[in-house]
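Note that the coordinates shown come from a computational prediction; the quantities given were computed from them, not determined experimentally.
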Amino acid sequence: MFWHDGNLFSADTPSMGTLGVGAPIDATALKFGASVFTTLRIYDSCLEHALTQWQAHCDRLTHSIQTFGWCLPNWTHIRRGCEQLKHHYPVLRITVFPDGREWITGRSLPNHLIQKGETGITCWLAPPTYTRSLPTHKTGNYLACWLARAQAQKQGADEAILTSAQGDWLETATGNLWGWHDGQWWTPRDKRCLPGIMGSYLRKILAEAGQPVNLQSWDKVHPHRFEAIAYSNCVVGLLPIHTIICENTRLEYDSQHEKIKALQGQIRQLIYPPSNGRSDS
C-alpha cells in the first residue's frame, strides 16, 4: 500500500506507470536521484504527537525544494496520504519529485529495536569514499549511505559511520552522532552532515534541562576521549553504540552509561507521559 499524487494504491490496484514493486515511475528521479524525502515515525498514530514532529519534516522538505527551485507539492495531498497510511505503518517516507508530485510509502520499525536500545549496537568506521551527495539535503541519491551500511553489515556491524577525507567523523549512514565526555554531550557540527530532526529535538530537550551540547567537528582523535557514544534519528530515537570497528582496531564504549539512559528516559516520557497511566515497558 502506498500513496502517490493524491491517490491511495494497494497491491491489487491496477495502475499504469508503476514499477513491478509498486513504485511510481519518474524518469528524472530514476536517472539522477532527483527527489527529496523525509522519514518520520508516527507516535500514537498521531501526526501532531511531539515526537512525530510533523511540521519539522514538512519544513525540511520545503527547504530543499525551495533551494533546488522545484515545484512545491500539494500539502493537502501529503497530509491526507499520511493520515491514510498511518493506520497501517508506524514509519512513513514522504518523497517529493521536482514537479511537485508526492510518493508516500510505509514500513515497519527495525527488528529488535527495543533490545538494541537497551544493549547497544556495533558500528563500522567507513572510509571517506562513501561520501553522501549534497549532504545537507535528503535527496534520492542516497547510494553512498546504502552502500556504507551494506558494507558495515558484511563486517558484522549494524550501522556505518561516515568520515571525511581529513579523517573527521561526520554522522552515521542514517543518523547523527552523539558522544559524552568531560561532563557534557558532543555532536558533530559540520556542513558535511545532515541537520537531523531528532538531533535538533534532543538538543532542545537538553538545552531546556540546562545541558548545552558542544557542537564542533570530530577529528579522528576526538572520539577516543568519549565515555559513551550513540546515534539518533527519527525512527530509532537514540541508540547506544558499544563497539566501533576501525581499520586496525576496535573501540569499546559504555552502552549502559547513565547519561545515555537518562536521555532515553526523557524520550520515553514524551512517548508515555506519566499522566496517561501507561507504562514504558
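Ion pairing of E102 with R93 is absent here, as no side-chain N (NZ or NE/NH1/NH2) approaches a carboxylate O to less than 4.0 Å. Under the 4.0 Å criterion applied to side-chain N and carboxylate O atoms, R192 and D168 are assigned as salt-bridge partners.
With E171 contributing its side chain and L194 its backbone, the two residues share a donor-acceptor pair below 3.5 Å. Judged by distance alone, the side chain of H137 and the main-chain N or O of T139 form no donor-acceptor pair under 3.5 Å. Remark: side-chain polar atoms of K261 are paired, donor with acceptor, to backbone N or O of E118 under 3.5 angstrom. Distance alone, capped at 3.5 Å, is enough to place a donor-acceptor pair between the E159 side chain and the A173 backbone. Between the side chain of T249 and the backbone N or O of C246, no donor-acceptor pair lies under 3.5 Å. Although no hydrogens or angles enter the test, the distance criterion places a donor-acceptor pair under 3.5 Å between the side chain of Q264 and the main chain of L238. Formation of a donor-acceptor pair under 3.5 Å by the T52 side chain with backbone atoms of C46 is found in this model. When atom types are taken as modelled, the side chain of S164 and the backbone of Q166 share a donor-acceptor pair closer than 3.5 angstrom. Here the side chain of N141 pairs no donor or acceptor atom with the backbone of S133 at under 3.5 angstrom. Between the D158 side chain and the T122 main chain, a donor and an acceptor come within less than 3.5 Å of each other.
The line from CG of L215 to CZ of R203 is 5.5 Å long, rounded to the nearest 0.5 Å. A distance of 8.0 Å separates CD in E227 from CH2 in W180, rounded to the nearest 0.5 Å. Note that OH of Y201 and CD of Q266 are 10.5 Å apart. Values are rounded to the nearest 0.5 Å. Atom CZ of residue R149 and atom OH of residue Y142 lie 11.0 Å apart, to the nearest 0.5 angstrom. Here CG of L170 is found 13.5 Å from CZ of R189. Values are rounded to the nearest 0.5 Å. Remark: D254 CG to Q256 CD distance equals 7.0 Å, nearest 0.5 Å.
Judged purely by distance below 3.5 Å, without hydrogens or angles, the side chains of T76 and R79 never pair a donor atom with an acceptor atom. For the residue pair Q84 and W3, no side-chain donor N or O sits within less than 3.5 Å of a side-chain acceptor on the partner. Side chains of T38 and R60: a donor-acceptor N/O pair is present below 3.5 angstrom, by distance only. Side chain to side chain, H242 and S255 fail the donor-acceptor criterion of an N or O pair below 3.5 Å.
Counting heavy atoms of neighbouring residues, nucleotides and ligands inside a 6.0 Å radius, atom CD of E252 exceeds 12 of them.
A side-chain contact (heavy atoms from CB on, under 4.5 Å) with I42 is found for exactly one of H87, E83, H49, K86, namely K86. Across T39, L85, T105, a single residue satisfies side-chain contact (heavy atoms from CB on, under 4.5 Å) together with L92, and that is L85.
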Derivation of the side chain to side chain contact (heavy atoms under 4.5 Å, CB included) call for N233 and T172: CA-CA 10 Å; N233 67 35; T172 75; 5.9 Å; no
From CA spacing to verdict: side chain to side chain contact (heavy atoms under 4.5 Å, CB included), V36, T95: CA-CA 6 Å; V36 293; T95 302; over 6 Å; no
Side chain to side chain contact (heavy atoms under 4.5 Å, CB included) evaluation trace for W178 with S232: CA-CA 8 Å; W178 293 82; S232 67; 2.9 Å; yes
Verdict with supporting geometry, W185 and L206, side chain to side chain contact (heavy atoms under 4.5 Å, CB included): CA-CA 9 Å; W185 283 107; L206 290 166; 3.8 Å; yes
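Here the shortest heavy-atom pairing between C123 and A157 reads C-CB, 3.8 Å. Closest non-hydrogen pair, P98 versus A34, comes out as CD-O, 3.1 Å. In terms of heavy-atom proximity, A230 sits nearest to P240 at CB-CA, 3.8 Å. Nearest heavy atoms, V96 versus P73: CG1-CB, 4.1 Å. Heavy-atom minimum distance, Q66 versus L72: CG-CD2, 4.4 Å. The heavy-atom pair separating R107 from P90 by the smallest distance is O-CD, 3.2 Å.
L40 and W75 end up in the same hydrophobic cluster when Ile, Leu, Val, Met, Phe, Trp and Tyr side chains are linked at under 4.5 Å. Tracing side-chain contacts under 4.5 Å through hydrophobic residues (I, L, V, M, F, W, Y), one reaches L47 starting from I78; they form part of the same cluster. In this structure, I104 is a member of the same hydrophobic cluster as W54, with clusters built from ILVMFWY side-chain heavy atoms closer than 4.5 Å. Residues W146 and W103 do not share a hydrophobic cluster, defined by chaining ILVMFWY side chains whose heavy atoms lie under 4.5 Å apart. No chain of hydrophobic side-chain contacts below 4.5 Å, direct or via other Ile, Leu, Val, Met, Phe, Trp or Tyr residues, connects I197 to Y43.
Proximity of T174 to C145: side-chain heavy atoms (C-beta onward) are nowhere separated by under 4.5 Å. Using a 4.5 Å heavy-atom cutoff, the side chains of L147 and Y130 are in contact.
Using bins of under 30°, 30° to 60° and over 60° for the plane-to-plane angle, the ring pair H222/H181 lands in the perpendicular bin.
In this structure, I244 shares a hydrophobic cluster with V91, L109, L113, I121, L125, I161, W169, L177, W186, W218, F226, I229, Y231, V235, V236, L239, I241, L251, Y253, the cluster being traced through Ile, Leu, Val, Met, Phe, Trp and Tyr side chains under 4.5 angstrom apart.
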